[in-house]
Number of protein chains: 2
Amino acid sequence: MLYSLKYTSSNKYKIMAGNNKNTEEIILAAAKKVFMQKGKAGARMQKIAEEAGINKSLLHYYFRSKDKLFETVFRDTFKDFMPKIAEFMSSDLPLFEKIKYFIESYIDMLNKNPYIFSFVLGELNTNPENLVEIMDRVTGIISEDYLGKFVEQIMEGIKDEEIIQLDARDLIINMIALSVFPFLARPIILGVFFQNDLDLYNKFLERRKKEVPQFIINSIRKK
Amino acid sequence: MLYSLKYTSSNKYKIMAGNNKNTEEIILAAAKKVFMQKGKAGARMQKIAEEAGINKSLLHYYFRSKDKLFETVFRDTFKDFMPKIAEFMSSDLPLFEKIKYFIESYIDMLNKNPYIFSFVLGELNTNPENLVEIMDRVTGIISEDYLGKFVEQIMEGIKDEEIIQLDARDLIINMIALSVFPFLARPIILGVFFQNDLDLYNKFLERRKKEVPQFIINSIRKK
DNA sequence: GTCTATACACTGATAGAC
DNA sequence: GTCTATCAGTGTATAGAC
């Protein structure tokens, strides 16, 4: 539950009747924005408070500490995305359809949260112990279980000589790499290849939703 | 020049005769380690000093401020790598050879500096203005000039029907993405796909030096 | 050049009034 | 629930002895 992390000694029902829920949402949106931009270490509670238009103390009232606030933001961010992907990848749809959908979903999700992966990978490097611990509590992010069915289909594809001999792990990593990288290196790519023209860059991303699956299928299909 | 950023009021030649050069190297190595691991915001001067086995004040004596130290580390890190790549990519070697070499070089460089890209991309997101400014002063990183010849060859390859119709930018981005991503997501990949077995992970990387070029060439070659 | 001591600023967090 | 005031801790940076 989204609001289960509130820390207070007062009566639960009384609180829920107040306007705190709305305040929490505002805080979380503000915190997400600042954390994504500045990273955990670089983010300032003062900045988050300003962004939310409230007092700094309120952040502590609602989330007790910076760490707790961070964890809540982190969990929230992946809450919706992962189950959707997991469901699709476990379905009975054909291999190539899954590849297309997987990449499209990733690019769509990244369009909505351009900084999400920079954020995750940044934190992952600066504080691996902590983040892995958090991720363990966020269903499915670190688990490869939801890819089981997909891996099976790859094996079959190889056996049936539909696709070339390959390691399923390479394929999956390549799929994610090609989807995610343009967002990770966004500022560089934007500058070097598109002269900071955001419109061109967005068209480029949109085009990639088709190009990347084609690129991959081209490479692995046996002809 | 590597040691041009020293700040002091005393006589230049006297200083160069001392053992400061060695101390600087030690500091820079320590700083690189800490910055790469913790990011600029997360890095602590105290930690860097400890890592170098010297006093905290000495850091300021040699580099005046955290910002200057960071910039020096940053510049140093790319000083060797970029010119080598640039030279090769401007050469007359055939397209497919360049693709192979480019990817191998990237993976080799990343093996030596596993955190370098996380570091760059992390800083790029948390502090774009600052880093772009720094990069402008680091020859070639943000410039696509050194890829001019390579882009020409792609055009020719398309015209000669050696490779399929494609956008040179996509190809370049894909090449970098596939090389770099396994390092960016290192902790995740290590955990999810290799049960934290570093030996397996390293073999996987080594294998990719051949697989990735093949993957790309497979995809773009006309048959 | 290197160290100790210390100034100064800032940040996360708490206490208490309303 | 929200605010003001304030504290303790930590970080960067500097002064000065050797």
Side-chain angles (χ1 to χ4, degrees), chain A residues 3 5-28 30-31 34-35 37-73 123 126-127 130, chain B residues 3 5-31 34-35 37-73 126-127 130:
Chain A
Y3 303 106
L5 274 178
K6 176 130 53 69
Y7 294 97
T8 167
S9 55
S10 25
N11 182 297
K12 216 177 189 176
Y13 295 96
K14 251 186 176 166
I15 287 163
M16 284 308 181
N19 63 342
N20 63 305
K21 192 164 176 173
N22 188 41
T23 305
E24 277 193 14
E25 275 170 10
I26 292 170
I27 291 176
L28 283 173
V34 177
F35 276 132
Q37 247 176 55
K38 297 289 179 182
K40 188 176 158 188
R44 299 286 163 245
M45 296 296 266
Q46 178 59 41
K47 176 84 181 171
I48 294 172
E50 279 168 24
E51 200 75 39
I54 53 141
N55 192 281
K56 202 175 55 161
S57 305
L58 267 198
L59 299 179
H60 292 95
Y61 175 77
Y62 278 99
F63 298 94
R64 193 155 69 192
S65 71
K66 191 183 180 181
D67 277 341
K68 296 264 189 250
L69 178 55
F70 176 81
E71 185 174 332
T72 308
V73 167
E123 297 305 325
T126 56
N127 225 334
N130 179 32
Chain B
Y3 303 106
L5 274 178
K6 177 129 53 67
Y7 295 98
T8 167
S9 56
S10 23
N11 182 297
K12 216 175 187 177
Y13 295 97
K14 251 184 175 166
I15 287 163
M16 285 307 181
N19 61 344
N20 61 305
K21 193 164 177 173
N22 188 41
T23 304
E24 277 193 14
E25 274 170 12
I26 292 170
I27 291 176
L28 283 172
V34 177
F35 276 133
Q37 248 176 53
K38 297 290 179 183
K40 187 176 160 190
R44 299 288 164 242
M45 295 296 266
Q46 178 59 41
K47 177 84 181 169
I48 294 172
E50 278 168 25
E51 199 75 40
I54 54 140
N55 191 281
K56 208 174 46 162
S57 304
L58 266 198
L59 299 180
H60 292 95
Y61 174 76
Y62 278 99
F63 298 95
R64 191 156 68 192
S65 72
K66 191 183 182 183
D67 276 341
K68 297 262 188 252
L69 177 55
F70 176 81
E71 185 174 332
T72 308
V73 167
T126 56
N127 224 334
N130 179 31

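Chain identifiers are assigned alphabetically (A, B, ...) following the order of the sequence lines, protein sequences preceding nucleic acid strands; residue numbering begins at 1 within each chain. Values reported hereafter were calculated over all heavy atoms of this structure, with side chains retained and with hydrogens, waters and symmetry mates removed.
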Correct closest heavy-atom pair for B:L28 and B:L69 would be CD2-CD1, 4.1 Å
Could you state the NZ-P distance from A:K68 to C:dT14, rounded to the nearest angstrom? 12 Å
To the nearest Å, give me how far apart NZ (B:K66) and P (D:dT10) are. 15 Å
What is the distance, rounded to the nearest whole Å, between atom CZ of B:F63 and atom P of D:dT14? 15 Å
Closest non-hydrogen atoms of A:V34 and A:A43, given as atom of the first, atom of the second and distance, are CG1-CB, 3.8 Å
Closest approach of B:K40 and B:F35, non-hydrogen atoms and distance? CA-CD2, 3.9 Å
Name all residues meeting the side chain to side chain donor-acceptor pair (under 3.5 Å) criterion together with A:S57; count only those two or more places apart in sequence or in a different chain, and write none if there are none. A:N55
When you check the phosphate oxygens OP1 and OP2 of D:dT2, does a side-chain N or O of A:Y62 lie under 4.0 Å from one of them? yes
Minimum-distance pair of heavy atoms, taken over all atoms of B:I54 and B:L59: CD1-CD2, 3.8 Å
Separation of D:dG11 P from B:K38 NZ (nearest whole Å): 12 Å
Rounded to whole Å, how long is the line connecting atom OH of A:Y61 with atom C1' of C:dC18? 14 Å
Any A:H60 side-chain nitrogen or oxygen under 4.0 Å from OP1 or OP2 of C:dA13: yes
Between CG of B:L59 and P of D:dA13 the distance, given in whole Å, is 10 Å
A:Q46 meets the side-chain contact (heavy atoms from CB on, under 4.5 Å) criterion, sequence neighbours left out, with A:E50, A:K56
For DNA chain C, which residues in residues 43-58 of chain A have a heavy atom at a distance below 4.0 Å? A:A43, A:R44, A:M45, A:K56, A:S57
What is the distance, rounded to the nearest whole Å, between atom CG of A:L69 and atom P of C:dT11? 16 Å
Would you tell me if any nitrogen or oxygen in the side chain of B:S65 comes within less than 4.0 Å of OP1 or OP2 on D:dT12? no
